[in-house]
Amino acid sequence: QVQLVESGGGLVPTGGSLRLSCAASGSIFTINYMGWYRQAPGKQRELVAAISSGGSTNYADSVKGRFTISRDNAKNTVYLEMNSLKPEDTAVYYCNARITAVQRPNLEYSYWGQGTQVTVSS
């Protein structure tokens, strides 16, 4: 069984910073892709940032220059450093990872964390 556990959300003023973490645990063989998504009330879930196993990154245009995604492969953890936060960044942030398990290393599954609330006050 694989689990993703997120932490680091909270309430910050406009212009503030937060760092989200997402740790994967369980019978993990490889973690290929890791990403952060967010969903604001009444809106669809959208990609915020993603990072490959080799370290290649991509970002939503709305967060470029403000957010940084990184990963620690030894800890099976992905981070999202968020700076210059705006009220429109308010959402529930979800971690996603595409993982192969020890028991079935040829099959990749997509896993989601439980979500962490980020609220930016104006």
Side-chain angles (χ1 to χ4, degrees):
Q1 185 73 6
V2 174
Q3 285 187 321
L4 300 181
V5 178
E6 299 141 342
S7 60
L11 172 65
V12 294
T14 298
S17 298
L18 280 175
R19 188 189 195 211
L20 305 183
S21 299
C22 172
S25 62
S27 300
I28 296 169
F29 186 66
T30 59
I31 301 179
N32 299 319
Y33 162 102
M34 301 188 86
W36 287 96
Y37 293 72
R38 67 186 181 188
Q39 187 166 20
K43 295 188 177 181
Q44 289 189 332
R45 190 172 297 189
E46 63 175 358
L47 174 68
V48 176
I51 185 166
S52 71
S53 57
S56 298
T57 60
N58 67 287
Y59 296 90
D61 288 342
S62 59
V63 307
K64 283 181 181 177
R66 300 188 298 123
F67 291 11
T68 302
I69 189 170
S70 61
R71 62 190 283 175
D72 184 334
N73 291 328
K75 295 182 179 179
N76 291 336
T77 300
V78 63
Y79 305 96
L80 186 67
E81 187 75 35
M82 305 186 293
N83 298 312
S84 303
L85 283 161
K86 305 175 181 180
E88 50 264 44
D89 295 318
T90 295
V92 178
Y93 283 69
Y94 297 91
C95 173
N96 174 256
R98 297 172 192 166
I99 295 172
T100 62
V102 170
Q103 296 86 348
R104 294 186 176 185
N106 294 327
L107 295 177
E108 181 183 89
Y109 292 95
S110 178
Y111 295 89
W112 290 91
Q114 79 284 1
T116 185
Q117 177 70 46
V118 171
T119 303
V120 184
S121 61
S122 57

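Just so we're clear, the structure is a prediction, and the values are computed from it rather than from any experiment. Reckoned from all heavy atoms, side chains included, excluding hydrogens, waters and symmetry mates.
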Got Met82 and Val12 here, is their nearest side-chain heavy-atom distance under 4.5 Å? no
Closest approach of Glu108 and Thr100, non-hydrogen atoms and distance? CA-CG2, 3.9 Å
Output the distance between atom OG1 (Thr57) and atom CZ (Phe67), rounded to the nearest 0.5 Å. 14.5 Å
Side chains of Ser53 and Asn73: does their closest heavy-atom pair fall under 4.5 Å? no
So Arg19 and Tyr79, do their side chains get closer than 4.5 Å, heavy atoms only? yes
Reported CZ-to-SG distance for the pair Arg71 and Cys22, which is rounded to 0.5 angstrom: 10.5 Å
Polar side-chain atom of Glu81 near backbone of Thr68 as donor-acceptor pair, under 3.5 Å: no
Once you round to the nearest 0.5 Å, how far does OG of Ser25 lie from CG of Leu4? 8.0 Å
If we only count heavy atoms from C-beta on, is the Pro105 to Thr30 side-chain gap below 4.5 Å? no
Joint hydrophobic cluster, Val102 plus Leu107, side-chain heavy atoms closer than 4.5 Å: no
Mind checking whether Phe29 and Tyr109 sit in one hydrophobic cluster, side chains of I, L, V, M, F, W, Y counted as touching below 4.5 Å? no
Using a cut-off of 6.0 Å, state whether more than 12 heavy atoms not belonging to Glu46 lie near its atom CD. yes
With a 4.0 Å cut-off, would you call Lys64 and Asp61 a salt bridge? yes
Are more than 12 heavy atoms from other residues, nucleotides or ligands located less than 6.0 Å from atom CD of Glu88? yes
Worked verdict on Thr90 versus Gln117 for side-chain contact (heavy atoms from CB on, under 4.5 Å): CA-CA 8 Å; Thr90 295; Gln117 177 70 46; 4.0 Å; yes
Looking at every heavy atom in both Ala40 and Ala91, which two are closest together, and how far apart are they? N-CB, 3.8 Å
Can you tell me how far CG of Asp89 sits from CG of Leu18, rounded to the nearest 0.5 angstrom? 10.0 Å
Is Asn96 close to Arg45 at the side-chain level, that is, under 4.5 Å between some pair of heavy atoms? no
Say whether, by atom type as modelled, one donor and one acceptor occur between the side chain of Glu6 and the main chain of Gly115 under 3.5 angstrom. yes
Provide the closest heavy-atom pair for Thr14 versus Ser121 in the form atom of the first, atom of the second, distance. OG1-O, 2.7 Å
Ile69 side chain near Trp36 side chain, heavy-atom distance below 4.5 Å: yes
Side-chain contact test, heavy atoms from C-beta onward, threshold under 4.5 Å: evaluate it for Arg66 versus Tyr59 and give yes or no. no
Gln103 atom CD: more than 12 heavy-atom contacts under 6.0 Å: yes
Please report the shortest heavy-atom distance between Ser70 and Ile51, naming the atom on each side. CA-CD1, 4.0 Å
If you take all heavy atoms of Leu20 and Gly9, which pair is closest and at what distance? CD2-N, 3.6 Å
Tell me who clusters with Trp112, hydrophobic residues only, linked when side chains sit under 4.5 Å apart either directly or through other members. Tyr33, Tyr37, Leu47, Val92, Tyr94
